[in-house]
Amino acid sequence: MEQDHLFFMQKAFEQAELAYKENEVPIGAVIVLNNEIIGKGYNSVIKNSDPTAHAEIIALREAGKTVKNYRLLDTTIYVTLEPCLMCYAALVHARVKYLYFGASDPKGGIFSTGKFDAIKNIFNHTIEAKSGIIGDKTSKLLQDFFQARRGAGAVERDGLENR
């Protein structure tokens, strides 16, 4: 089973690499049902001029279309970075069962910031979460991205410090 987690997290990482190539913050996600990818996505907020176009949201939209249902019962999401509050809430509303993420996000992550503790009792669905799968690799991709952007002056010019 651990091998499956590595396989699917690598597929999420491949999505993050696509974002990187498009100068988007390199975060990727895949949604799995019965050991098959039913949705995938990567951050595309700039390309889509859409602040909700996070990797998880794109993957949820594709998965919903694949199964022709807004409920994604018994699914697992693999995402390269810890979800933000918006994405976690969307995962709850979709009834995703399991969440595996690579790197923690101490600035915006639902768990690392303590936001989860503040809101966990308002939802009628819980998601089993686990962190750290290829976390070093996903962290390095993000660090490389922001280092390159800062070196080019793009962070200050394009406002990437808020993404």
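Within the structure, the side chain to side chain donor-acceptor pair (under 3.5 Å) test picks out no pair touching residues 27-36 (sequence neighbours left out).
Residues L18 and I134 fall into different hydrophobic clusters, defined by Ile, Leu, Val, Met, Phe, Trp and Tyr side chains chained together at heavy-atom separations under 4.5 Å. With hydrophobic clusters built from ILVMFWY side chains whose heavy atoms lie under 4.5 angstrom apart, I119 shares a cluster with L91. When the side chains of ILVMFWY residues are joined at heavy-atom separations under 4.5 Å, either directly or via intervening members, V67 and I127 end up in a single hydrophobic cluster. When hydrophobic clusters are built by joining Ile, Leu, Val, Met, Phe, Trp and Tyr residues whose side-chain heavy atoms come closer than 4.5 Å, directly or via intermediates, L73 is not grouped with V92. In the hydrophobic cluster analysis, where Ile, Leu, Val, Met, Phe, Trp and Tyr join through side-chain heavy atoms closer than 4.5 angstrom, Y70 is grouped apart from L33.
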| message | Please evaluate residues V25 and I46 with respect to the criterion side chain to side chain contact (heavy atoms under 4.5 Å, CB included), reporting the C-alpha separation (whole Å), side-chain torsions for both, the decisive distance (0.1 Å), and the verdict. | response | CA-CA 9 Å; V25 177; I46 299 167; over 6 Å; no
| request: Kindly indicate, with the supporting measurements, whether the criterion side chain to side chain contact (heavy atoms under 4.5 Å, CB included) is fulfilled by T52 and M86. | output: CA-CA 8 Å; T52 69; M86 174 188 71; 3.9 Å; yes
| said: One pair to check against side chain to side chain contact (heavy atoms under 4.5 Å, CB included): F8 and I37. What are the steps and the verdict? | reply: CA-CA 8 Å; F8 289 119; I37 295 173; 3.8 Å; yes
| query | Could you walk me through whether R149 and N23 pass the side chain to side chain contact (heavy atoms under 4.5 Å, CB included) check? | reply | CA-CA 9 Å; R149 297 288 292 185; N23 291 317; 3.9 Å; yes
| task | Applying salt bridge (Lys or Arg N to Asp or Glu O under 4.0 Å), run through K140 and D136 and close with a yes or a no. | result | CA-CA 6 Å; K140 182 165 179 4; D136 291 342; over 6 Å; no
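Atom CD1 of residue I77 and atom NZ of residue K40 lie 14.0 Å apart, to the nearest 0.5 angstrom. Between I110 atom CD1 and S104 atom OG the span is 13.0 Å, to the nearest 0.5 Å. Considering NZ of K65 and CZ of R61, their distance stands at 8.5 Å, rounded to 0.5 Å. Here the straight-line distance linking atom CG of L60 with atom OG1 of T75 works out to 8.0 Å at 0.5 Å rounding. Here CD of E128 is found 10.0 Å from CG of L99. Values are rounded to the nearest 0.5 Å.
When every heavy atom of I57 is checked against every heavy atom of C87, the shortest pair comes out as CG1-SG, 4.0 Å. Closest approach of D105 and S112 over heavy atoms only: O-CB, 3.5 Å. G41 and I58 get closest at one heavy-atom pair: CA-CG2, 3.7 Å. Contact record, T66 with I38: OG1-O, 2.8 Å, taken as the closest heavy-atom pair.
Electrostatic pairing of E14 and K11 counts as a salt bridge here, judged by a charged N lying under 4.0 Å from a carboxylate O.
Counting non-hydrogen atoms of other residues, nucleotides and ligands closer than 6.0 Å to NZ of K115 gives a total above 12.
Between the side chain of T80 and the backbone N or O of F13, no donor-acceptor pair lies under 3.5 Å. N43 places no side-chain N or O within 3.5 Å of a backbone atom of P26 that could act as its donor or acceptor partner. Within the 3.5 Å criterion, the main-chain N or O of F111 finds a donor-acceptor partner in the side chain of E82. Within the 3.5 Å criterion, the main-chain N or O of A103 finds a donor-acceptor partner in the side chain of T138. Under a 3.5 Å cut-off, the side chain of H125 and the backbone N or O of V96 do form a donor-acceptor pair. In this structure, E24 contributes its side chain and V45 its backbone to a donor-acceptor pair below 3.5 Å. A donor-acceptor pair under 3.5 Å is absent between the side-chain atoms of R95 and the main chain of T126, judged by distance alone.
Using bins of under 30°, 30° to 60° and over 60° for the plane-to-plane angle, the ring pair Y20/F145 lands in the perpendicular bin.
None of E56, M9, Q15 except one satisfies the side-chain contact (heavy atoms from CB on, under 4.5 Å) rule with V79; the exception is E56.
Not counting sequence neighbours, K137 has no partner by the salt bridge (charged side-chain N to carboxylate O under 4.0 Å, His left out) test.
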